[in-house]
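For reference, the structure discussed in these notes is given below.
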Amino acid sequence: MQPTRTPTLDKFLDETNNILAVKNGQQLQSYLIIEPPFNDLYNSMISEIRNQYPKGKEEALESKCQRALPQAQEDEDGSSWSTFVKFIANYFAFIRDVDVKNLLDTYNLLSELQQKCNSALTHPMKGLVILPTVIAYARVFARLAIGLDKRPELIADLVTHNSFEEDGARETLPERAANILRNAFVTCLNDRGTTASGVKDGKPDGKKVGIYTLANLCLKILFQCDKKANAEQIFSNIYNQSPPLSIYPASERVTYLYYLGRFHFATNHFYPAQLALQAAYDECLASPSSLRQRRLILIYLIASNLILGRFPAATLYARPEAAGLQERFYPLCRAIATGNLEAFRRLTDLSHPHAPWFLHFRIFIQIEHRCEVLVWRSLFRRAFLLAGVQGDNVSRRAPTLDLNDVLTLFTYLEKRALTPLSQLDAGPGRRHTNWIFMSSDPPADAYYIDPDFAGLPEEFKPSLRLPSILEMESICSSLIYQGFLNGFVSHKLKRFAIQGAKRKGGALAAGFPTPWDVIKAKSTEECPGWKKDEAVGAGRFGAGMVVNLSGARPVGAGTFES
Amino acid sequence: MSASAQGSSSTTKAVVSDAKNGDAKEIEKKPTQLEEDDEFEDFPVEDWTEEDTQLPSGNTHLWEESWDDDDTSEDFSVQLKEELKKVGLNKQG
């Protein structure tokens, strides 16, 4: 018999076959390493492959693998695991060709390997043994995709030439990477070789053990590359098909709930966002090694709660992960609590020194838009404190507030927000000495005219966009409708009348319910995407799901970004 | 043959960071205007118990739900009162 020219490769295949026979997934993964530097055994194997199976000899390599792996050949039931043979042949080609100095080539090679590995995973009986390898590769693959997305100069060529789908929609590199990983995720989710519930002895059964690890890697890519909208399908799939989240390891639970919370936040579902983020925060590891994760969760949790009318307490700001957050969020809380529309406008102006920070975390616009309503509510309340007419129990007259007084305050504060100098005005007795010489009129650039009308005669002069009495009625009605004010508007008298003052122990308590209580009462505790234990959570078709997770689409097909 | 010495559970950053080392200038070019990265990193351990989530300070009272401010003597309210008075006088006049 002729001595073999590939002794190391032969031995490697032989041992791989033994591992397949005993179904040791961890050991298989520890053999099929992909990143240099390789040890001597791998280096001799690589040079054997380069000599005997250089580029172009892939078919011969595959035949060799086929012969050397009886475990992947025909089974008693007649099925073979040809996808594994294709995968391992590709693995050898990968370690033969990979050059990590070239990120893009590495990415392309790994992309192919990942897909072959995913295919091998789909085998209904034998696929499970390769799951640890799929996950190990997916971690590297995700990081590469994110790394490349941050260096557009490396992928410019790829983006221009190869990234158009049949319908002309552009699919970016990270989206494609997420799609590849999602295939593995779906294979795990759809594993039929498990118990009906996918749970065995309180743990995920079969390939279902990989659901959240792979989902989290997809989500990491989509969030890092700002393709959040494409995450919807993952959440939707999990909500419909996954075993309960609670039986998975804490790191997977917390990571998943973080992304789920951020997804709800980005899609303006702040209550479920708060539910997921609060759980992520509560279940997060308390050690200093997880400070960065705790901080990220907390930033989005505070932003969600702020919008829902819940402010951080001093004890929260004092925590190490909250370092510096008080100076960002506390001024907003004060502006909301006091109804200081002027301060709120300045704090949510793009020119504010804190604006880049809020924009960086993508919480700026949500806070600006959603918290404004709470400022309105507090300003109505302040107007009532300063100028409201208390009711009379004897004559049964309801407490009322003149909307013209509210208009006075809105106009005053909006005007000041438009006037830079007003910041120097700290009120009577505390003003700058030159105050009387300063103009309190808003500067010229605060005046607005639609560009179409600019330069036209008299009646089309630029004007300040200041509130009107009609707007006060509108805001008042809107606040009543949302439950933040309790009463009714008299259009004729231009007054807001508070209902139930006697019953609820005073006009303030009756007319201005606590926002958090109002929002909580209107919300459900079900968080779409969060698979709870069957006994505790709602069924498969929770009410919220129709609203929040409808219209699932494949990654890359979306035309909007959140 | 044993490859376990190389292990590959910690592959997360290996490939990319190796490659980046070859191109240190690129790293310097990366925008670092914000001190905070928004990448949610992998946890150092896979699983932990409820006890491991408890902070020494405890989990009591982290959120304020009743934050209405009834003080009308501070500067802000004084300014508003002044404005209401001014506008009221103008109307009467």
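Below, chains carry the letters A, B, ... as their sequence lines are ordered, and counting in each starts from 1. Below, each value reflects all heavy atoms present in this structure, side chains not excepted, and no hydrogens, waters or symmetry copies.
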Which of the residues [options] is involved in the greatest number of heavy-atom pairs with chain B at under 4.5 angstrom?
options	result
Asn340(A), Asn404(A), Leu385(A)	Asn340(A)
Lys520(A), Arg381(A), Glu283(A)	Arg381(A)
Pro312(A), Ser251(A), Ala383(A), Ser290(A)	Ser251(A)
Thr255(A), Asp99(A), Asp405(A)	Thr255(A)
Val254(A), Thr514(A), Leu409(A)	Leu409(A)

Q.
Counting only non-hydrogen atoms closer than 4.5 Å, does Glu51(B) touch chain A with its backbone (N, CA, C, O), its side chain (CB onward), both, or neither?
A. neither
(Q) Does any backbone or side-chain atom of Phe40(B) lie under 4.5 Å from a heavy atom of chain A? Answer side chain, backbone, both or neither. (A) both
Q | Residue from Ile302(A), Thr315(A), Asn305(A) passing side chain to side chain contact (heavy atoms under 4.5 Å, CB included) with Leu62(B) | A | Thr315(A)
Is it the backbone or the side chain of [X] that comes under 4.5 Å from a heavy atom of chain B, or both, or neither?
X	result
Leu285(A)	both
Phe311(A)	both
Pro132(A)	neither
Leu301(A)	both
Leu413(A)	side chain
Gln224(A)	side chain
Ile299(A)	side chain
Phe223(A)	neither

Q | Qualifying residue for salt bridge (Lys or Arg N to Asp or Glu O under 4.0 Å) with Glu39(B), from Arg143(A), Arg292(A), Arg295(A) | A | Arg143(A)
Compare all side-chain heavy atoms of [X] with those of [Y] and state whether any distance is below 4.5 angstrom.
X	Y	result
Asp68(B)	Arg377(A)	yes
Phe43(B)	Ser287(A)	no
Lys220(A)	Asp42(B)	yes
Leu296(A)	Glu41(B)	no

Exercise: identify the closest heavy-atom pair between [X] and [Y]:
X	Y	answer
Trp48(B)	Cys284(A)	NE1-C, 3.9 Å
Ala387(A)	Leu84(B)	CB-CD1, 4.0 Å
Arg382(A)	Asp70(B)	NH2-N, 4.5 Å

Q. Of all residues at least two apart in sequence or in a different chain, which pass the side-chain hydrogen bond (donor to acceptor under 3.5 Å, both in side chains) check with Thr213(A)?
A. Glu252(A)
Q) In chain order, what residues pass the side-chain hydrogen bond (donor to acceptor under 3.5 Å, both in side chains) check against Asp52(B), with sequence neighbours excluded? A) Thr49(B)
Q.
Measuring from atom CG of Asp38(B) to atom CZ of Arg262(A), what distance do you get when rounded to the nearest 0.5 angstrom?
A. 6.0 Å
Q | Euclidean distance, Cys333(A) SG relative to Asp69(B) CG, rounded to 0.5 Å | A | 12.5 Å
(Q) Is there a side chain to side chain contact (heavy atoms under 4.5 Å, CB included) between Tyr412(A) and Gln79(B)? Walk through the geometry before answering. (A) CA-CA 10 Å; Tyr412(A) 173 69; Gln79(B) 285 178 357; 3.7 Å; yes
Q: Just do the salt bridge (charged side-chain N to carboxylate O under 4.0 Å, His left out) check on Arg253(A) and Glu50(B) with the steps written out, would you?
A: CA-CA 13 Å; Arg253(A) 295 199 310 266; Glu50(B) 202 182 325; over 6 Å; no
Q | Choice from Lys81(B), Glu46(B), Lys86(B) maximising heavy atom contacts with chain A below 4.5 Å | A | Glu46(B)
Q | Trp63(B) vs Gln278(A), side-chain hydrogen bond (donor to acceptor under 3.5 Å, both in side chains): CA-CA, chis, key distance, verdict | A | CA-CA 11 Å; Trp63(B) 304 102; Gln278(A) 183 71 55; 3.2 Å; yes
